[in-house]
Amino acid sequence: MSTDNHGWQPLDAAFDWVAMEERVLERWRAGDVFARSVRQREGAEPYVFYEGPPTANGRPGVHHVLSRVFKDIFPRFWAMRGRYVDRRGGWDCHGLPVELEVERQLGISGKPEIEAFGIAEFNARCRESVLEYLEEWERLTERIGFWVDTDRAYKTMDATFVESVWWALATMWDRGLVFESDKVVPYCGRCGTALSSHEVAQGYKDVDDPSVYVRFPLTAEPGTSLLVWTTTPWTLPSNQGVAVRPDVTYAVVARDGERLVLAEELVAHVFPDGADVVERRPGADLVGATYEPPFGFIPGKHVVIPADFVTTADGTGLVHLAPAFGEDDMEAGRAHGLDSPNPIDRQGRFTAQVPTVTGLFAKDADSILIDDLRERGRLLRVETYTHSYPHCWRCGRPLLYYAKPSWYVRTTAVRDRMLEINAGIGWNPEGIRDGRFGKWLEGNVDWAISRERYWGTPLPLWRCEGCDHVEAVGSFARLNERAGRAADTEFDPHRPYVDDITIPCAQCGATAHRVPEVVDVWFDSGAMPFAQDHYPFAIDSLEGLVPADFICEAIDQTRGWFYSLLAESTLLFDQGCYRNVVCLGLILDGDGQKMSKSRGNVVEPWSVIDTQGADPFRWYLLTAQSPWDASRFSVDAVNDSRRALLTLWNTYVFLVTYASLPDGWAPGGDDPAVAGRPASDRWILSRLDGLVDRVTARLEDYDTLGAGRAIDAFVDELSNWYVRVSRSRFWGGRQGEAGAGADGGAAFATLHECLVTVATLLAPFCPFLADEMYRTLVAAHDPDAPDSVHLVDWPTTRGHADPELERSMAAVRTVVGLGRFARAESKLKVRQPLAEAVVACPPAVARDIAPLVGLVEDELNVHAVRFVTDPGELVEVTVKPNYRTLGPRFGKSMPAVAAAVAALDPAATARAVDGGEAVTIAVDGADHHVEPADLLLTASSTEGYAVGQDAGVAVGLATDITPPLRLEGLAREVVHAVQNARRDAGLRVEERIRLHLDGSGLLREAIDAHRDAIAADTLATALTVAHGAPFAGVHHDEMVLDGEPLALRIDRA
RNA sequence: GGGCGAUUAGCUCAGUCGGUUAGAGCGCAUCUCUGAUAAGGAUGAGGUCCCUGGUUCGAAUCCAGGAUCGCCCA
């Protein structure tokens, strides 16, 4: 390591963010940093994280980056806090999306074609297809700095994973929690499977359906018909009954020689042109009446029954019942002895039972059936009805509600327990607990877990072909034992192999075959807490693995993974399996539209990473808005975030630049103790302690926005105040340059500590930038230090908090801000020195500022600061009540209090307040004491001064520019001009020069008067002033300063 | 149709316990600094805090109703 740059690595001339990140990535790879960061905490208290497995058969999008960044930051934070955070990736492998993709690849469609193709080969293709984009996912995961162990990632298709799921299902079966039932389910004829409610949820679309009013002639009253309304004409052939509400009044309407029965309330709605109501009867009177069904193909009772679900919100108040095609219909039908005939086959097509539409897809039969009704005079009217109707979330076909046998998990048995567990979960945002998720749990219904598909975890149930006895098999070993097979290490538990294995029925000895269904993929992902480690086969305890401290997914998982995790954990272990959830909002495009492939508005993550870098991307996602609200995303927004980080980077570059100079500085030397450092140093270190507290608390609360803002605010203070006021102290290294004070070491040490601490706090947010800074600032100088910021401990406060000093500095910053404003108002450049600033403020504020008055002088470029304790000299003081403190005390009397306060003598009150004395006011005829804290003093300016003002403080400037001040100002102009020239000449900041100046008489007078200062500021070892040009130099220029011509020449010394 | 959430500057978003002058960044305008330069700073313009009503001494904030958007569910 060379000594002339104090061990500092040279910075790149041009900073390339993306290249920097790739270098850091390479160091992580080479140094195995992630693995070491986990390993070094072995034995410590675990912080458990679960990766909700994505499916890798599509490309990752921006929303995946969002969730992966949130999945990353908290494990990083807790690892730095000392916890053992093993992070294991996972991939969701099964399911219909994979099958559909393979169908597309093969150019086939539907179950018959799949079976003709062959299940074995089909599933083999699924196995390949599901990981098609695995490499891209892994590449993105690494590139965005999401630290998760992808080498050990669990896959839900692994035999070990499947076996754990079998164990779970068999355990539930043994406890009577799995059952088969003929229920109406949302069914996709195209995909040939029932859909779970969370799948249905994904497919609602607004569609136009026919809305038909049909006559159901009453058997006992010729010429009188029930008027029945439905939006699903295809269910009319299956009609078995009509439901009425007993307590509703029904009207008989006479019309064109016929009589129609419908709910009285709806007469005007159905007949907007008016109708002749000839009779009224309660719904109860209609019960038991029989009628002619709309179609004669299917026999049935065709009777009116009572039901409470009937409403008079729309339709006719007479509800057509086809028990096979509606949950309400099924229940009501069962209660009244109706059958549930189903003339729709498993492909969603009509069977020969309905000859006119045999072979047609159910919904496609609507128009033919309507025509048939019309021809037979049974149709009163047909309209178009726009409503939201569920469609298959993958293939887009409308779903049918359809009665068929399905396997269920009895989640309703643990509904109350799930609610109880939910109450203890830390939801972010909190409202999810009692809102979306709680409501969902309250309305819990049994979970339909079977799918009549191919690529999934086979349901481990064997049914006897003789006596229908069902046996659940909870492990491969058990299966082998029951089937009399030899153990097979290569055993693939998927279809079709597992279908070929039979076992003898335990009841009757006949052959039992596996039931054909596979398991809902959500059951797979919900099983990951125990299945990822092959519990209970490979391990016998979940200690340290359950529950998770933290999981994070988008809000659409409330009824997906968040639910399946909770349901399975509660059913199996009677406990929850996650303590804290961060529930992310949706990412919308720049126009507020949801990103979707079909809209073509998906932003490709790589386009952001390759142009902006991963850290700016992360910083944006973590700190630009509340993560749970939907947000609009655009590359420009990320660019703004990047600029915020650049301020920190510039501050870092500043330190490294000056520390690397020949007379620079390096950490680890003999720096002054903090107590002995200048006030500005102690101030920023006090602020730093506050930052550490704040960021720690915010991250413990899963609040990245609050933590990020705190960092932002600190970086701004560090760069735009601390560095600004301390700049000259960095010239000349540890000893300090002549005239710049001898505390350069303190300045370097202070800035260094700030940057190292900020880098450490930033590590979970922006792991690349943080590590690059840390490596340069710490690791490169200290061979004993960890070689990555991700291996160090989270910062703690160092006892530097100094509230008094912070208050003083706040007052100084106020005064400087006001002074600058005053300068701007009077058009006096800061370069022009002025004799005096007059600060009018309460004595307490003056006392705060006094120790830092030199800062005020420097920043405002004034020779002196004078405090005026009687503010009347500069400003008029007004006294206002502090509503926050007085409001609760006086309540309704506040207007009177405000009036009384306004009537006080401002100057006298101000003195009293400053002296800490209570003031007496008369309110409603009684005297009350109000404390100083109950009053707010406000200043407003009087005429005649350049004044800036804020609450309680005003700053005026003496605007008179005397001849000496004029010369001083010109000298500063000259320095300014030379500095610009140095830059134009391309000189290094520390390079010494010879300087030759020529100019007007006044300028030469100014140069003479401030010769040493000019030479020192411009690093001129020689300064000549004369007409003519004594040397050619590397640069020469001529200009006019404040009306005075100047010529300058520069050469290297 | 129901539940949940959102609506604040031209744009993207904060806003704690209800407190009287509602903030930030970007953009725009004017100015400025520069021994951090692919930077920095100051100031300004810009607001019906979606609407209506209510509670309160006081409402962006709490309540009710409505509008629009989104998500979830029927």
Side-chain angles (χ1 to χ4, degrees), chain A residues 13-17 197-198 200-202 204 311 313-314 327 387-390 429 431-432 434-440 442-443 554-556 558-559 585-586 588 590 592-594 620 623-626 628-634 636-637 639-641 643-644 646-647 649-658 661 705-706 709 712-713 716 719-721 723-724 727-728 730-732 737 740 816-817 820-821 823-825 827 829-831 880-888 890-898 936 938 948 951 975-976 979-980 982-983 987-991 1017-1019:
Chain A
F15 175 53
D16 180 337
W17 198 296
S197 49
H198 25 267
V200 175
Q202 297 182 51
Y204 275 86
T311 70
D314 52 14
E327 215 170 323
H387 63 152
S388 179
Y389 191 84
I432 304 278
D434 298 323
R436 191 170 283 206
F437 197 62
K439 291 254 160 54
W440 162 252
E442 280 166 21
I555 191 144
D556 55 1
T558 37
R559 289 148 206 248
L586 268 75
L588 309 172
Q593 297 291 311
K594 186 175 177 176
Y620 170 79
T623 69
Q625 64 271 308
S626 302
W628 25 82
D629 289 331
S631 73
R632 300 179 176 207
F633 179 83
S634 66
D636 284 348
N639 190 38
D640 291 345
S641 269
R643 289 167 65 169
L646 222 40
T647 302
W649 182 259
N650 283 336
T651 309
Y652 155 83
V653 169
F654 174 86
L655 174 77
V656 176
T657 302
Y658 287 100
L661 293 181
L705 176 61
R709 279 168 187 248
D712 246 348
D716 184 69
S719 168
N720 293 322
W721 188 253
V723 171
R724 179 190 164 83
R727 205 180 277 140
S728 65
F730 294 93
W731 309 339
E737 201 173 54
V816 169
R820 286 198 197 128
F821 175 74
R823 273 191 176 268
E825 287 290 289
K827 307 246 183 265
K829 290 181 182 179
V830 178
R831 262 202 300 278
K880 291 178 112 179
N882 183 352
Y883 283 90
R884 195 185 279 269
T885 59
L886 294 174
F890 288 97
K892 284 187 186 188
S893 304
M894 273 311 287
V897 172
L936 300 173
T938 312
V975 170
H976 180 214
Q979 300 295 16
N980 285 341
R982 283 182 58 109
R983 175 154 303 284
L987 297 175
R988 297 191 311 275
V989 292
E990 76 278 14
E991 212 162 350
D1017 283 354
T1018 60
L1019 302 185

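Since we're looking at a predicted model, the values are computed, not measured. Proteins come first, then strands; the chains are lettered A, B, ... in the order of their sequence lines, and each starts at number 1.
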Query raised in the report: Between A:F730 and A:F654, what is the ring plane arrangement, given parallel below 30°, perpendicular above 60°, and tilted in between?
Result: perpendicular
Query raised in the report: Roughly how many Å is it from CG in A:L586 to P in B:C69, rounded to a whole number?
Result: 17 Å
Query raised in the report: When rounded to the nearest Å, what value does the distance between C1' atoms of B:C51 and B:U12 take?
Result: 24 Å
Query raised in the report: P atom, B:C49 versus B:G35: distance in rounded Å?
Result: 46 Å
Query raised in the report: Which nucleotide in the list B:C4, B:G41, B:C57 gets nearest to the side chain of A:P895?
Result: B:C57
Query - Residue matched to B:G65 through Watson-Crick or wobble contacts both under 3.5 angstrom - result: B:C51
Query raised in the report: Can you tell me how far the CD atom of A:E442 sits from the CG atom of A:D434, to the nearest 0.5 Å?
Result: 8.0 Å
Query raised in the report: Which residue lies toward the 5' end of RNA chain B, A:M894 or A:V653, if each is placed at its nearest nucleotide?
Result: A:V653
Query raised in the report: Choosing from B:G41, B:A36, B:G3, which nucleotide comes nearest the side chain of A:D716?
Result: B:G41
**Report entry** Pairing nucleotide - B:C28, Watson-Crick or G-U, each distance under 3.5 Å
**Finding:** B:G44
Report summary line: Among B:G3, B:A36, B:C17, the one nearest any side-chain atom of A:R436 is B:G3
Requested in this report: Report which part of the nucleic acid A:T885 touches: base, sugar-phosphate, or nothing (heavy-atom distance under 4.0 Å, all strands).
Outcome: nothing
Close N/O contacts between protein and nucleotides 13-15 of chain B (under 3.5 Å):
residue : atom : partner : partner atom : Å
B:C13   : OP1  : A:R632  : N            : 2.7
B:C13   : O2'  : A:A624  : O            : 3.2
B:A14   : OP1  : A:S626  : N            : 2.8
B:A14   : OP1  : A:S626  : OG           : 2.8
B:A14   : O2'  : A:R709  : NH1          : 2.9

Query raised in the report: Looking across every strand, which nucleic acid part, if any, lies under 4.0 Å from A:V897 by heavy atom: base, sugar-phosphate, or nothing?
Result: nothing
**Report entry** Sidechain-backbone polar pair: A:T558 side chain, A:I555 backbone, donor-acceptor under 3.5 Å
**Finding:** yes
Query raised in the report: Between atom CD1 in A:I555 and atom P in B:G3, what is the gap in whole Å?
Result: 17 Å
Requested in this report: For B:A14, give its Watson-Crick or G-U wobble partner with both distances under 3.5 Å, or none.
Outcome: none
Report task. Rounded to whole angstrom, note down the C1' distance from B:U16 over to B:A22. Result -> 14 Å
Requested in this report: Name the nucleic acid region contacted by A:S719, choosing base, sugar-phosphate or nothing; use a 4.0 angstrom heavy-atom cut-off, strictly under.
Outcome: base
Requested in this report: Would you please confirm or rule out a distance under 4.0 Å between OP1 or OP2 of B:A36 and any side-chain N or O of A:R727?
Outcome: yes
Query - Between B:G3 and B:C11 - C1' atom distance, rounded Å - result: 32 Å
Report task. Side chain of A:K892 only, please: which of B:C57, B:A36, B:C4 is the nearest? Result -> B:C57
Query raised in the report: Does any nucleotide pair with B:A9 by Watson-Crick or G-U wobble geometry, both distances under 3.5 Å, and what is it?
Result: none
Requested in this report: Look at the side chain of A:T623 and the backbone N and O of A:Y620, then say whether any donor-acceptor pair between them is shorter than 3.5 Å.
Outcome: no
Query raised in the report: Think A:N720 has a side-chain N or O under 4.0 angstrom from the OP1 or OP2 of B:G41?
Result: yes
Requested in this report: Under a 3.5 Å limit for both distances, which nucleotide forms a Watson-Crick or G-U wobble pair with B:G70, could you say?
Outcome: B:C4
**Report entry** Partner nucleotide, any strand, of B:C57 [Watson-Crick/G-U, under 3.5 Å]
**Finding:** B:G19
